[in-house]
Amino acid sequence: MNERKNAYPTVGFIGAGAITQAVVTGFCERAADTPFPIVLSPRSRETAARLRAAYPARVSVAQSMQEVLDRAEWVVLAVPPAVGEEVCRSLRFRADHKVISFLSDKTLPQLREWIGETAALVHMVPLTFNAICDGPILLYPPRSEAAALFARIGRVVEVDSPAKMSALSTITACVTPFFAVMDTLISWLGTQSVSAAQATDYVTGFFSAMCSEAVSLAPEAVHRMARESTPGGINLMAKDIIQKAGGFAVWDRAMERVFAHVAEAPEDG
């Protein structure tokens with residue numbers, strides 16, 4: 001069957017890692033009103049097979065990466081960056097393909113050289129939370145069709161310059177550190193005879209509630225709450241201890257190092 005004859009475009013994924021799994025899950029779980037077909041490459045066969053079994057009405061697995069391109073209108077490049085050039089040069093892209101790159105350290109001019117001319121080429125940065133909630137998804141350059149497609153699973157943030165894309169992409173390096181902070185607190189509660197289940201439930205719920213509060217605030221209010229605490233209170237005590245140990249300054253240093261790594265930002269292709 002040629003999916004391009006369907007009412008909805010076919011979206012093909014080259015690579016089936018954690019981000020592909022999250023995005024496909026989000027599309028299938030939370031975008032049922034627009035059931036466009038999804039075709040996965042045979043890379044990461046176990047993940048592809050699992051998604052196919054979970055969503056048989058939406059997801060199919062191609063026999064080859066080229067078959068994905070042959071069947072799809074939108075092509076998502078989601079292979080590890082280290083093999084990006086090898087994979088891209090091995091495939092034949094059509095002039096009418098609309099290509100979305102998840103390759104974090106590959107510029108759009110690089111990709112254009114590898115894939116040739118296509119109808120569209122953009123860089124996007126979804127994350128694993130897009131499987132379950134409308135977390136932000138970076139998009140550069142702005143492209144209304146790509147934004148509309150991914151708006152079904154997240155809040156698309158359209159970025160208008162490579163420098164801003166690099167800066168915003170840097171923040172995505174905070175996923176593991178954020179979980180590490182929660183894990184540290186959960187472990188500390190364990191030393192106080194709190195069960196792992198109760199510690200995890202409280203810590204994750206606590207951070208979730210604080211993030212929800214932060215999202216509801218104006219930017220100046222976030223700034224104010226980071227600097228104001230009840231004199232003599234436990235919040236000020238904890239902040240002073242962390243600040244004196246360099247615990248906040250180290251975040252700046254970490255971001256600078258990561259930013260330097262991603263400074264070769266995606267550019268217009």
Side-chain angles (χ1 to χ4, degrees), residues 17-19 21-22 26 81 102 104-105 123-140 153-157 159 161-266:
I19 299 300
Q21 181 172 338
F102 289 174
S104 60
D105 65 347
H123 181 64
M124 298 194 81
V125 186
L127 290 169
T128 53
F129 50 54
N130 293 114
I132 60 171
C133 67
D134 289 339
I137 299 174
L138 298 175
L139 167 64
Y140 175 80
I153 62 168
R155 181 174 59 84
V156 177
V157 179
V159 183
S161 77
K164 292 176 185 176
M165 187 66 169
S166 287
L168 290 164
S169 295
T170 296
I171 302 304
T172 68
C174 293
V175 172
T176 299
F178 182 77
F179 276 91
V181 169
M182 291 192 290
D183 186 53
T184 298
L185 298 177
I186 290 166
S187 296
W188 179 83
L189 285 171
T191 69
Q192 306 302 309
S193 302
V194 178
S195 72
Q198 187 173 45
T200 302
D201 181 65
Y202 183 77
V203 170
T204 56
F206 176 79
F207 276 84
S208 175
M210 285 203 301
C211 288
S212 294
E213 181 182 15
V215 168
S216 73
L217 297 173
E220 61 271 16
V222 174
H223 181 80
R224 185 183 69 251
M225 290 187 70
R227 285 157 176 76
E228 295 180 0
S229 296
T230 301
I234 60 174
N235 274 272
L236 187 59
M237 179 189 300
K239 178 185 175 183
D240 283 348
I241 292 169
I242 293 169
Q243 189 164 15
K244 288 176 181 177
F248 298 119
V250 76
W251 282 84
D252 276 334
R253 293 199 296 274
M255 293 300 97
E256 288 297 331
R257 289 285 298 276
V258 173
F259 180 74
H261 180 72
V262 300
E264 287 294 326

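Predicted model only: the values in this text are computed from it and were never measured.
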Got a second to check how far [X]'s [atom1] is from [Y]'s [atom2], nearest 0.5 Å?
{"X": "Phe248", "Y": "Gln243", "atom1": "CZ", "atom2": "CD", "result": "6.0 Å"}
{"X": "Met237", "Y": "Asn235", "atom1": "CE", "atom2": "CG", "result": "10.0 Å"}
{"X": "Thr191", "Y": "Ile186", "atom1": "OG1", "atom2": "CD1", "result": "12.5 Å"}

**Asked** Do the side chains of Pro126 and Ile19 get nearer than 4.5 Å, heavy atoms only?
**Response** yes
**Message:** Just so I know, are the side chains of Ser169 and Ser104 near enough to count as touching, which here means a heavy-atom distance under 4.5 Å?
**Reply:** no
**Contacts of type side-chain hydrogen bond (donor to acceptor under 3.5 Å, both in side chains), residue Asp134, not counting sequence neighbours** = Arg30
Considering non-hydrogen atoms only, spot the tightest contact between [X] and [Y] and give its length.
{"X": "Leu236", "Y": "Pro231", "value": "CD2-CA, 4.1 Å"}
{"X": "Ala199", "Y": "Val194", "value": "N-CG1, 3.8 Å"}
{"X": "Ile153", "Y": "Asn130", "value": "O-ND2, 3.2 Å"}
{"X": "Phe129", "Y": "Gly135", "value": "CE1-CA, 3.5 Å"}
{"X": "Val222", "Y": "Ala214", "value": "CG2-O, 3.9 Å"}
{"X": "Phe102", "Y": "Met124", "value": "CD2-O, 3.6 Å"}

**Request:** Sequence neighbours left out, what passes salt bridge (Lys or Arg N to Asp or Glu O under 4.0 Å) with Lys239? Give chain and number order.
**Result:** none
Applying side-chain contact (heavy atoms from CB on, under 4.5 Å), can you list everything that pairs with [X], at least two apart in sequence or on another chain?
{"X": "Thr170", "value": "Met255, Val258, Phe259, Val262"}
{"X": "Leu168", "value": "Leu138, Val159"}
{"X": "Pro177", "value": "Trp251"}
{"X": "Thr184", "value": "none"}

Does any pair with a residue in [range] pass salt bridge (charged side-chain N to carboxylate O under 4.0 Å, His left out), and if so which ones, sequence neighbours excluded?
{"range": "residues 243-262", "result": "none"}
{"range": "residues 217-233", "result": "Arg224-Glu228"}
{"range": "residues 176-185", "result": "none"}

**Asked** Counting only heavy atoms not in Met225, do more than 12 sit closer than 6.0 Å to its CE atom?
**Response** no
**Request:** Tell me, yes or no, whether the heavy-atom count around Phe179 atom CZ, taken from other residues, nucleotides or ligands under 6.0 Å, exceeds 12.
**Result:** no
**Message:** Working note: Ile137 + Val157, criterion side chain to side chain contact (heavy atoms under 4.5 Å, CB included); need CA distance, chi angles, decisive distance, verdict.
**Reply:** CA-CA 6 Å; Ile137 299 174; Val157 179; over 6 Å; no
**Sequence neighbours excluded, every pair satisfying ring pair (Phe, Tyr, Trp, His ring centres under 6.0 Å) that has a member inside residues 207-228** = Phe178-Phe207
**Asked** Judged by atom type as modelled, is there a donor-acceptor pair below 3.5 Å linking the side chain of Ser208 to the main-chain atoms of Thr204?
**Response** no
